[in-house]
Amino acid sequence: MADLPDASTSYELLARMALIRRFEEEAGRQYQRAKAGGFLHLGIGEEATIVGTTSVMRDEDYLIGTYRTHGHAIARGTDPKRVMAELFGRVDGTSGGRGGSMHIFDAERRFMGGYGIVGGNLPIAAGLALSADFKGEDAVTVCMFGDGASNAGNFGETMNLAALWSLPILFLVENNLYGMGTAVERHSAQTDLSKKAEGYGIPGRRIDGMDVLAVRESVAEGVRLAREERRPTLIEAFTYRYRGHSAADPEVYRERAEVEEWRQKDPIESFARRCIEAGVLGERELQEVRDKAEATVLAAVEFAEASEEPPLDTLYENLYVLDSDAWYAVDERSPEPHRGEHESEMPDAARELAEAGAAYAEQQDDGPRPNPAVEGDAELGVEPEVSGEVEDIVPPAQQRRGES
Ligand SMILES: Cc1ncc(C[n+]2csc(CCOP(=O)(O)OP(=O)(O)O)c2C)c(N)n1
Ligand SMILES: [Mg+2]
C-alpha cells in the first residue's frame with residue numbers, strides 16, 4: 001500500500017474528490033429539474049481514478065477524456081461554475097453553452113475534452129502527443145477512456161502509432177466493468193484489458209482505481225516513462241460508477257448488491273478514514289472539506305442560473321465548414337421548411353433523389369471514375385492547390401532513428 005503523502009497534499013486530494021462528488025450529485029439533481037439538458041453521464045464512484053491521475057500531471061500536460069468528464073475538468077482546475085454553466089447551456093459555460101455535459105473543454109488548462117464518440121478521443125490523444133513531440137515540448141498526454149472503448153478499431157490504430165512513433169503518452173482505461181449495460185466479459189474477448197496493447201509494443205498494468213494513492217503512484221510512473229523515455233504505457237484502473245450509464249438507465253444489467261459492495265470501497269470515505277487513522281487530517285478538516293464543497297457547488301448553480309442563454313443569431317457561430325463550393329456541413333437556408341422537409345413530401349422527395357442518384361451513376365459508367373485527389377473535383381473543374389514541393393513529414397521519433 002502506498003504511503004500517505006504530507007497533510008496538505010492529502011487534504012488537497014480529499015477536497016478535490018469531495019468537490020467532484022458533490023458537483024456531480026448536484027448535476028444529477030439539476031438534470032432532474034430540467035435545468036441541464038441533453039445527456040448526462042455521471043462518474044460518481046470514479047473520483048479516485050480521476051484525481052489520482054491529475055494530481056501527478058504538470059500544468060503543461062494534456063488530458064483528454066470521454067463524455068463522462070465533469071470531474072476530469074474540475075480536477076484539472078476548471079472553475080466548477082463554468083462546468084455547471086455548460087451543463088445549463090449558458091454562454092459562460094466552458095464551450096459557450098454549445099456542448100453540454102459531453103463536451104466540457106478547457107484549452108487553457110489543457111483539458112482537451114469531452115468526446116461523445118466512444119474511442120474517438122484515442123487518435124486525437126496520439127495527435128496531441130505527436131504535436132508536443134514535433135514542437136520539442138516536454139508535455140505528456142494522458143488519454144482516459146472506458147473499457148468499452150478498448151474494443152473500438154481506433155484503439156489498435158492508436159496503440160500502433162503511439163509505439164511506432166515513441167509518443168509521450170499514457171493511456172488509462174477506466175474499467176468500470178460495463179460499457180452501457182454490457183459487462184466486460186460479454187464485450188471483450190480479452191478481459192485483462194492491461195494486455196490489450198501488448199501486441200503493439202505497449203506494456204500495461206492493473207491497479208485499484210478506488211485507491212487514490214495507488215492511482216497516483218502508477219500514473220506518476222507512467223507519466224515519467226512517457227516524458228523521460230518516450231515509452232507509452234497502458235494502465236487499467238478498476239473503478240465503478242454507482243449511478244446508471246446515463247441519467248436514463250433502468251440498470252437491469254446489475255444487482256443492487258453489486259453496487260453496495262463497491263460502495264463499501266468508496267474512494268472518498270476510505271481515503272478520509274485512512275487520513276484520520278494516521279493522524280494526517282482531523283475531523284475538523286474533514287468537515288471543512290465538506291462545507292467548502294457544498295458552498296462551491298451552490299455558488300456554481302447560482303452562477304449558471306444567472307448566465308444568459310446564447311443569443312439565437314449566434315446559432316451558426318463556431319461551426320466547422322469546409323470552405324468550398326462542394327460540400328457543406330451546415331444548412332445555411334432560412335428557417336422555414338424546405339423541399340423534402342415536410343413528412344408528407346418525403347416519399348416523393350426520396351424517390352426523386354434516388355432517381356437522380358441512379359442517373360448520375362449511369363453517366364459515370366462510361367470510363368474510369370475521376371480521382372479527385374489527383375485531378376481535382378472533375379465535376380466542378382476545381383484544380384487541386386499545390387504550392388511548391390511537398391515534403392514527406394517524418395515524425396520526430398523516426399527522425400531520431402534515422403528513418404525517413
Ligand atoms: C462509436 C460509438 N459507438 C457507440 C456509442 C454509444 N455509446 C455511448 S457510451 C457507450 C459505452 C461505452 O462504455 P465505456 O467505454 O466502458 O465507457 P463508460 O461509459 O463505462 O465510461 C456506448 C456504446 C458511441 N457514443 N460511440
Ligand atoms: Mg465502462
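No hydrogens, no waters, no symmetry mates; every other heavy atom, side chains included, goes into these values. In listed order, ligands and their atoms are each counted from 1.
- Counting protein heavy atoms only, atom 21 (O) of ligand 1 is closest to R68 NE, 3.0 Å.
- Of the polar atoms of R241, none of the N or O atoms is found under 3.5 Å from an N or O of ligand 1, judged by distance alone.
- Rounded to 10°, the angle that OD1 of D147 and O of Y178 form at the Mg ion (ligand 2) is 110°.
- In this structure, the protein non-hydrogen atom closest to atom 13 (O) of ligand 1 is G179 CA, 3.2 Å.
- Between H41 and F39, the angle of the ring planes stays under 30°, which puts this pair in the parallel group of the 30/60° scheme.
- T66 does not count as a contact of ligand 1, since none of its heavy atoms falls under 4.0 Å from the ligand.
- With ligand atoms numbered from 1 in the order given, ligand 1 contributes 18 (P), 20 (O), 21 (O) to contacts under 4.0 Å with heavy atoms of N176.
- Given atom 15 (O) of ligand 1, the protein heavy atom at minimum distance is A149 N, 2.9 Å.
- Distance from atom 25 (N) of ligand 1 to its nearest protein heavy atom, with residue and atom name: G116 O, 2.9 Å.
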Evaluation steps, salt bridge (Lys or Arg N to Asp or Glu O under 4.0 Å), between R82 and D106: CA-CA 10 Å; R82 301 202 51 218; D106 188 349; 5.2 Å; no
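- Counting only heavy atoms of the protein, atom 14 (P) of ligand 1 lies nearest to G148 N, 3.4 Å.
- Close contacts between ligand 1 and Y67 involve ligand atoms 9 (S), 10 (C), 11 (C), 12 (C), 13 (O), 14 (P), 17 (O), 18 (P), 19 (O), 21 (O) [criterion: under 4.0 Å to a heavy atom].
- Under a 4.0 Å criterion applied to the non-hydrogen atoms of Y178, ligand 1 contributes the atoms 16 (O), 20 (O).
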Working for side-chain hydrogen bond (donor to acceptor under 3.5 Å, both in side chains), residues Q287 and E283: CA-CA 6 Å; Q287 191 55 45; E283 288 295 344; over 6 Å; no
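- Contact between F145 and ligand 1 is absent, with no heavy atom of the residue lying under 4.0 Å from the ligand.
- Protein heavy atom at the shortest distance from atom 23 (C) of ligand 1 is M180 SD, 3.6 Å.
- Ring geometry for F155 versus F145: interplanar angle over 60°, hence perpendicular rather than tilted (30 to 60°).
- Looking only at heavy atoms of the protein, atom 26 (N) of ligand 1 is closest to V118 N, 3.1 Å.
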